[in-house]
Amino acid sequence: MSDELKRGLEGVVVAESGLSHVDGQVGKLVYRGYDIEDLALKAEYEEVLYLLWHGELPTRAELDAFTDELVAEREVDDDLLETVATLAEADERPMAALRTATSMLSAYEPEADADAEDRDAALRKGRRITAKIPTILAAFERARQGEDPVDPDPSLSHAGNFLYMLTGTEPDAVSEETFDMALTIHADHGLNASTFTGMVIGSTMADIYSGVIGGIGALSGPLHGGANQDVMEVLYEIDESEKDPVEWVIDVRESGRRIPGFGHRVYKVKDPRAKLLQAKLRDLSESSGDTKWLDYTTAIEEYLTEEGLVEKGIAPNVDFYSGSVYDHLGIPLDMFTPIFAMSRAGGWIAHVFEYQEDNRLIRPRARYTGATDAEFVPIDER
Ligand code: ACO
């Protein structure tokens with residue numbers, strides 16, 4: 001057995017997966033072979049979920065049945081909504097509130113006793129979790145605003161219903177379409193940290209709730225899910241200071257700090273998801289007449305391209321444009337990462353199911369660097 005150390009498991013292949021593939025050299029992302037651009041622009045999130053969970057794109061009848069099943073699971077028990085409101089009153093951080101509430105969801109799970117091997121029951125649990133997370137998040141945000149939760153509207157899509165439950169107003173077509181696209185492009189991305197966390201948990205044949213809760217925990221860290229918020233904070237800072245965005249970038253570069261929303265472990269060219277979001281940001285800016293965030297982000301990207309940073313492989317990633325898009329949709333800053341979780345839950349569930357089909361307990365080793373021959377001294381003699 002080799003003792004070669006691979007810090008952070010970088011480059012280590014630990015599983016086979018047919019779910020998503022990232023080609024970081026050309027900037028291509030596929031889900032089950034379908035280009036992310038096609039899925040983002042031509043399919044809705046529910047279709048993408050079906051593709052990830054069932055292996056192929058649904059027919060119209062399959063999609064209708066699948067959507068009905070999701071819609072039927074949107075409601076969350078009143079007791080749980082009260083806990084969500086308590087968490088909001090206690091000023092709990094949104095990702096921690098989501099983690100707690102998702103954990104509590106399993107107490108209301110009608111098939112809690114089903115084995116993880118029972119694939120049909122596991123899929124139904126996955127559907128319940130995916131359908132209820134938006135209800136939990138919207139209720140949490142409304143409670144923070146001192147508002148009651150809004151009941152889900154079965155006539156609306158997964159994306160449209162979330163925006164409706166969040167604001168109490170039915171979203172316009174552009175907002176719904178934009179948010180649906182954001183859900184699609186965040187749904188899966190190979191073996192990132194949160195997906196791998198879910199897989200490790202799934203490899204013990206623990207139930208799918210535990211896998212999703214583990215994923216939420218991993219995504220909450222600033223090295224994984226938080227960069228979109230960082231970018232938005234920068235844009236606010238530029239706005240408040242009335243600085244020219246390019247001046248801000250120059251200052252950051254001189255101080256040796258990193259530009260949030262730039263660079264990626266896998267992509268060495270512009271992230272295809274950033275291109276899609278940038279186009280949406282342009283549409284939203286033009287339709288609202290508010291081009292501030294578009295102007296700032298464009299100026300920053302143009303400057304860094306001229307400076308050669310992009311050519312060096314430090315290009316805009318998905319987070320560079322997502323924050324401004326969410327801001328246009330009226331979504332509060334600290335809900336950006338929870339929304340990422342709401343979408344990525346679909347990917348976590350798909351990976352856990354895929355892995356469990358040919359399961360092998362994930363159990364790596366550490367290279368032991370501690371003492372080997374310490375002499376035990378009884379406690380009263382130490
Ligand atoms: N701004 C300026 N320089 C950068 C940036 C950046 N955003 N990102 C990387 N670099 C530079 C590093 O300083 C380093 O330069 P050096 O070789 O002269 O020391 C070089 O690029 C390589 O950096 P690494 O940290 O080795 O690259 P890695 O692949 O590990 O980093 C990461 C990827 C963490 C995403 C990094 O690019 C970063 O910190 N970006 C900013 C935060 C961010 O946007 N994160 C979101 C990623 S997308 C997601 O998780 C959904």
With sequence neighbours excluded, what pairs up with [X] under the side chain to side chain contact (heavy atoms under 4.5 Å, CB included) test?
X	value
Asp35	Lys28, Glu37, Asp38
Asp172	Val174, Ser175
Glu10	Arg265

Determine whether [X] and [Y] make a side-chain contact, defined as any pair of heavy atoms from C-beta on separated by less than 4.5 Å.
X	Y	value
Arg253	Leu304	yes
Asn192	His224	yes
Leu235	Met232	yes
Val352	Val212	no
Asp64	Arg60	yes
Ile208	Ser210	no

For the student: nearest non-hydrogen atoms of [X] and [Y], plus distance:
X	Y	value
Glu111	Ala121	OE2-CB, 3.7 Å
Ala114	Lys125	O-NZ, 3.5 Å
Asp153	Asn161	N-OD1, 2.8 Å
Ser324	Thr297	OG-CG2, 4.1 Å

For the side chain of [X] and the backbone of [Y], is there at least one donor-acceptor N/O pair under 3.5 Å apart?
X	Y	answer
Arg74	Lys132	no
Asp180	Ala159	no
Asn359	Ser203	yes
Thr195	Leu191	no

Atom pairs and distances, side-chain donor-acceptor, residues 163-171, under 3.5 Å, sequence neighbours left out:
unit_1: Thr167; atom_1: OG1; unit_2: Leu163; atom_2: O; d: 2.8
unit_1: Thr167; atom_1: OG1; unit_2: Thr169; atom_2: N; d: 3.1
unit_1: Thr167; atom_1: OG1; unit_2: Thr169; atom_2: O; d: 3.1

TODO: Any ring-ring contact (aromatic ring centres under 6.0 Å, His included) involving residues 295-314? Give me the pairs, sequence neighbours left out, ordered by first then second residue.
DONE: Trp293-Tyr296

Task: Residue pairs passing the ring-ring contact (aromatic ring centres under 6.0 Å, His included) test where at least one lies in residues 166-217, sequence neighbours excluded - done: Phe162-Phe179, His186-Phe340, His189-His264, His189-Tyr267

List the atom pairs, with distances to 0.1 Å, where a side-chain N or O of residues 76-98 and a protein N or O form a donor-acceptor pair under 3.5 Å, not counting sequence neighbours.
unit_1: Asp77; atom_1: OD1; unit_2: Asp79; atom_2: N; d: 3.0
unit_1: Thr83; atom_1: OG1; unit_2: Asp79; atom_2: O; d: 3.2
unit_1: Thr86; atom_1: OG1; unit_2: Glu82; atom_2: O; d: 2.8

Open item on the list: Check this for me, if you would: do Lys243 and Asp251 make a salt bridge, where the nitrogen-to-carboxylate-oxygen distance has to be below 4.0 angstrom?
Closed with: yes

Task: Salt-bridge contact Lys6-Glu4 (side-chain N to carboxylate O under 4.0 Å) - done: yes

TODO: Give, for atom CG of Leu333 and atom CD of Gln229, the distance between the pair rounded to the nearest 0.5 Å.
DONE: 4.5 Å

Open item on the list: Filter on salt bridge (charged side-chain N to carboxylate O under 4.0 Å, His left out), then keep only pairs touching residues 341-370, sequence neighbours left out; what's left?
Closed with: Asp3-Arg365

Task: Any pair counted as salt bridge (charged side-chain N to carboxylate O under 4.0 Å, His left out), so long as it reaches residues 299-310, sequence neighbours left out - done: Lys270-Glu301

Just list the side-chain donor-acceptor pairs under 3.5 Å for residues 43-57, sequence neighbours left out, or say none.
unit_1: Tyr45; atom_1: OH; unit_2: Ser343; atom_2: O; d: 2.7
unit_1: Glu46; atom_1: OE2; unit_2: His158; atom_2: N; d: 2.7
unit_1: Glu47; atom_1: OE1; unit_2: Glu44; atom_2: N; d: 3.1
unit_1: Trp53; atom_1: NE1; unit_2: Gly346; atom_2: O; d: 3.0

Please table the atom pairs, donor to acceptor, closer than 3.5 Å between any side-chain atom in residues 371-382 and protein atoms at least two apart or in another chain.
unit_1: Arg382; atom_1: NE; unit_2: Val377; atom_2: O; d: 2.8
unit_1: Arg382; atom_1: NH2; unit_2: Val377; atom_2: O; d: 3.1

Open item on the list: So, using salt bridge (charged side-chain N to carboxylate O under 4.0 Å, His left out) as the criterion, who are the partners of Glu69 when residues are at least two apart?
Closed with: Arg127

Task: Distance-only donor-acceptor check, side chains Ser288 and Asp290, under 3.5 Å - done: no

Task: Evaluation steps, side chain to side chain donor-acceptor pair (under 3.5 Å), between Thr135 and Glu75 - done: CA-CA 7 Å; Thr135 313; Glu75 282 190 20; over 6 Å; no

